[in-house]
Amino acid sequence: QSTGAYEMITYARLQNMDLNYNFSPEFLKKANISVMNIFLRGENLLTISKYGDMDPDNLNVSSTPQMKIFTAGFNVTF
C-alpha cells in the first residue's frame with residue numbers, strides 16, 4: 001500500500017577528464033626552458049539522461065545538479 005514507485009534509471013556520465021601536453025625539449029631549448037607543459041582538467045562534464053537537467057543520482061526537484069568544474073594551467077621549469 002505504498003505511494004512510492006520504482007523505476008529503472010539508465011544514464012551515462014563523463015565524470016573526470018585530464019588532458020596534458022608536454023613541449024619537446026628541442027622547442028624549449030631556444031627559450032632556455034628545461035620543462036614546460038600545459039593542462040586542462042574537468043569534472044562532471046557530461047551527463048546523458050532522459051531526465052534533462054536533473055541529476056539522475058538524486059531526482060529530487062529541489063536539488064541542484066553537480067557543478068561542472070574546469071581547471072587550466074601550465075608548468076614551467078627553467
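Hydrogens, waters and symmetry mates are skipped; everything else that's a heavy atom, side chains included, is used. In this text, all values refer to a predicted model and were calculated from it rather than measured experimentally.
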Side-chain heavy atoms under 4.5 angstrom apart, residues restricted to Ile, Leu, Val, Met, Phe, Trp, Tyr: same cluster for L14 and M67?
-> no
Shortest non-hydrogen contact between Y11 and S49, atoms and distance | CB-CB, 3.9 Å
Say you draw a straight line from CG of L45 to CG of N16; how long is it, rounded to the nearest 0.5 Å?
-> 7.5 Å
Indicate the atoms forming the closest heavy-atom contact of A72 with L40, along with that distance.
-> CB-CD1, 4.0 Å
Closest heavy-atom pair and its distance - N32, F78 | O-CD2, 3.8 Å
Intermediate values then yes/no, side-chain contact (heavy atoms from CB on, under 4.5 Å), N44 and Q15 | CA-CA 4 Å; N44 302 319; Q15 189 75 25; 2.6 Å; yes
Taking side chain as C-beta onward, heavy atoms only, is V35 less than 4.5 Å from L28?
-> no
Do F39 and N75 have side chains that get closer than 4.5 Å, going by heavy atoms?
-> yes
ring-ring contact (aromatic ring centres under 6.0 Å, His included) partners of Y21, counting only residues at least two apart | F23
With sequence neighbours left out, the residues meeting salt bridge (charged side-chain N to carboxylate O under 4.0 Å, His left out) with R41 are D18
Could you state the interatomic distance from NZ (K50) to OG1 (T10), rounded to the nearest 0.5 Å?
-> 7.5 Å
Any donor-acceptor pair under 3.5 Å linking the side chain of S34 with the backbone of T77?
-> yes
Do N37 and N20 have side-chain atoms, one donor and one acceptor, less than 3.5 Å apart?
-> no
Looking at OG1 of T47 and CZ of R13, how far apart are the two atoms once the value is rounded to the nearest 0.5 Å?
-> 4.0 Å
Does F27 share a hydrophobic cluster with V76, counting links as ILVMFWY side-chain heavy atoms below 4.5 Å and allowing steps through other members?
-> yes
Got a sec: does the CZ of F70 have more than 12 other heavy atoms crowding it under 6.0 Å?
-> yes
What distance separates N22 CG from M36 CE, expressed to the nearest 0.5 Å?
-> 10.5 Å
